[in-house]
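Here's the structure we're looking at; comments come further down.
First the proteins, then the strands, lettered A, B, ... as listed; each starts at 1.
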2 protein chains.
Amino acid sequence: MPAESNTRSRTRRAILDAAVAVLARDSTASVGDIAVAAGVGRTTVHRYFAERSDLINAIAADLLEKVHNAVDRARIDEGSAVEALGRVCQEWFALSDGFMLLFNNPELINDPAWSEDTESDLKILELIRRGIRDGEIDGSMTAEWVSNLLWSMLYAGWEYRRSHGASSHEALTQCLASLRKAISP
Amino acid sequence: MPAESNTRSRTRRAILDAAVAVLARDSTASVGDIAVAAGVGRTTVHRYFAERSDLINAIAADLLEKVHNAVDRARIDEGSAVEALGRVCQEWFALSDGFMLLFNNPELINDPAWSEDTESDLKILELIRRGIRDGEIDGSMTAEWVSNLLWSMLYAGWEYRRSHGASSHEALTQCLASLRKAISP
DNA sequence: TAAAAATGGAACAATGATGTTCACTTGCGG
DNA sequence: CCGCAAGTGAACATCATTGTTCCATTTTTA
């Protein structure tokens, strides 16, 4: 199959990005709202994603890829486990819109791609177990709980920024500090 | 005005409780879905709450009252601040459905009753400040951040129970332990 | 520059939720 | 045990969203 033309892939990206931004604020936004946000006609959106669910699925796939890339960039095999977790946190922190969208969109979480444990989830769990083995992370907690902690800290950081006007840097710093304290042995 | 008859207030409660339970799982559930869950005709729901938004507002008010009552029961002026925070956590943990509903219902959070800082929010912030003054809580964090931490820990606990099949007791225990570690000086 | 690709926008049918009315039961409560 | 408050379900109009089609217009690109 021929590669998608440049114009088409640019338009596709614009729609996808706008959809994430809009749906993160209001998960019930209409296709029309998304089209406006993307600076594109509603017809065009339907030309790229026939049904609303196709758009949702595309968002899920896109986010999944971003998550994977973030984990790669974090080089989780290098250095101490806690440091590596910090790097993952930092990378994921930038994906706030996508995750906010994921949180309050049951249909998204139930997407096959996000089934039980994504590849990235498993990598993080393994990283946490390494931290526990090395005595860097409190072994009285299950790896799953630590993983939950990480997510909820990210959430706290995003919320801190959103509702208290904290800068991203500020929020991330607090986030990381609290996570380190919470998981330390 | 005459007090509401027993039957009426019972029906009202049934609708309200069913609405919380249903909307916590799917925030877009129809009034019909709620009526079925409440074991009541859709017409009856509309008799109690003319519009959908009236029902939503009633839920908000109801939850707000539960939150207040929980804070009262926690006797936040007694004992150490950290112990008191623990009691609040424990009380609030039981309101999971309501909060889940609150989290992914923008229209609910924007309800006048939940404006900026509810009475309970202010009480908790004051409690946290007391903890910081008394040296029980790390003073390098703002009270607002600690408050956010508390919420995100609750969220982590609920999620741990939901997706990892942990018992309420287990989840709450982890929740409290991690919170204490995160906020300790 | 001209063909091809991409977009815009109007119009339309289908759908599902909402809110209202009404005539008909049900079942409390005095 | 009976009357009346309360609830039921059907029917109806309204509304917003969705998905589709068609044609004119703009933008790419060959």
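A/Arg47 comes within contact range of at least one nucleobase, with a heavy-atom separation under 4.0 Å.
Residues B/Glu126 and B/Arg133 are paired through a salt bridge, judged by an N-O separation under 4.0 Å between the basic side chain and the carboxylate.
Taking atom CD1 of B/Ile56 as the reference point, atom P of C/dG19 lies 11 Å away to the nearest angstrom. Summarising the geometry, the separation between NE2 on A/His46 and P on C/dA6 is reported as 19 Å, rounded to the nearest angstrom. For A/Ile15 and C/dA6, the CD1 to P distance is 13 Å, given to the nearest whole Å. Between the CZ atom of A/Arg52 and the P atom of D/dT17 there is a distance of 10 Å, given to the nearest Å. The separation between B/Arg10 atom CZ and C/dT26 atom C1' is 14 Å, rounded to whole Å. The CD atom of B/Glu51 sits 9 Å away from the C1' atom of C/dT18 (whole-angstrom rounding). Going from atom CD1 of B/Ile34 over to atom C1' of C/dG16 covers 16 Å, rounded to whole Å. Distance CG (B/Leu55) to P (C/dA17): 16 Å, rounded to an integer number of Å.
Taking the six-membered ring for Trp and thresholds of 30 and 60 degrees, B/Tyr160 and A/Trp145 have ring planes more than 60 degrees apart, a perpendicular arrangement.
Residues A/Leu125 and A/Val146 fail the side-chain proximity criterion, which asks for heavy atoms closer than 4.5 Å.
For C/dA6, neither phosphate oxygen OP1 nor OP2 lies less than 4.0 angstrom from any side-chain nitrogen or oxygen of A/Thr44. One finds no side-chain N or O of A/Thr43 lying less than 4.0 angstrom from the OP1 or OP2 phosphate oxygen of C/dG9. Regarding contacts with the backbone of D/dA6, every side-chain N or O of B/Tyr48 stays at 4.0 angstrom or more from both OP1 and OP2.
With no hydrogens or angles considered, a side-chain donor-acceptor pair links B/Arg161 and B/Ser96 at under 3.5 Å.
Between A/Gly32 and B/Gly41, the one whose closest nucleotide on DNA chain D sits nearer the 5' end is B/Gly41.
Proximity note for B/Ser30 (side chain, C-beta onward) versus D/dA6, D/dT20, C/dA17: the nearest is C/dA17. Side chain of A/Thr7, nearest nucleotide from C/dG8, C/dC28, C/dA6: C/dA6. Side chain of A/Asn6, nearest nucleotide from D/dT29, C/dA17, D/dT18: D/dT29.
Interface remark: the B/Arg42 side chain does form a donor-acceptor pair with the C/dG19 base, using a distance-only criterion of under 3.5 Å.
Rounded to the nearest 0.5 angstrom, B/Tyr155 OH and B/Phe99 CZ are separated by 14.0 Å.
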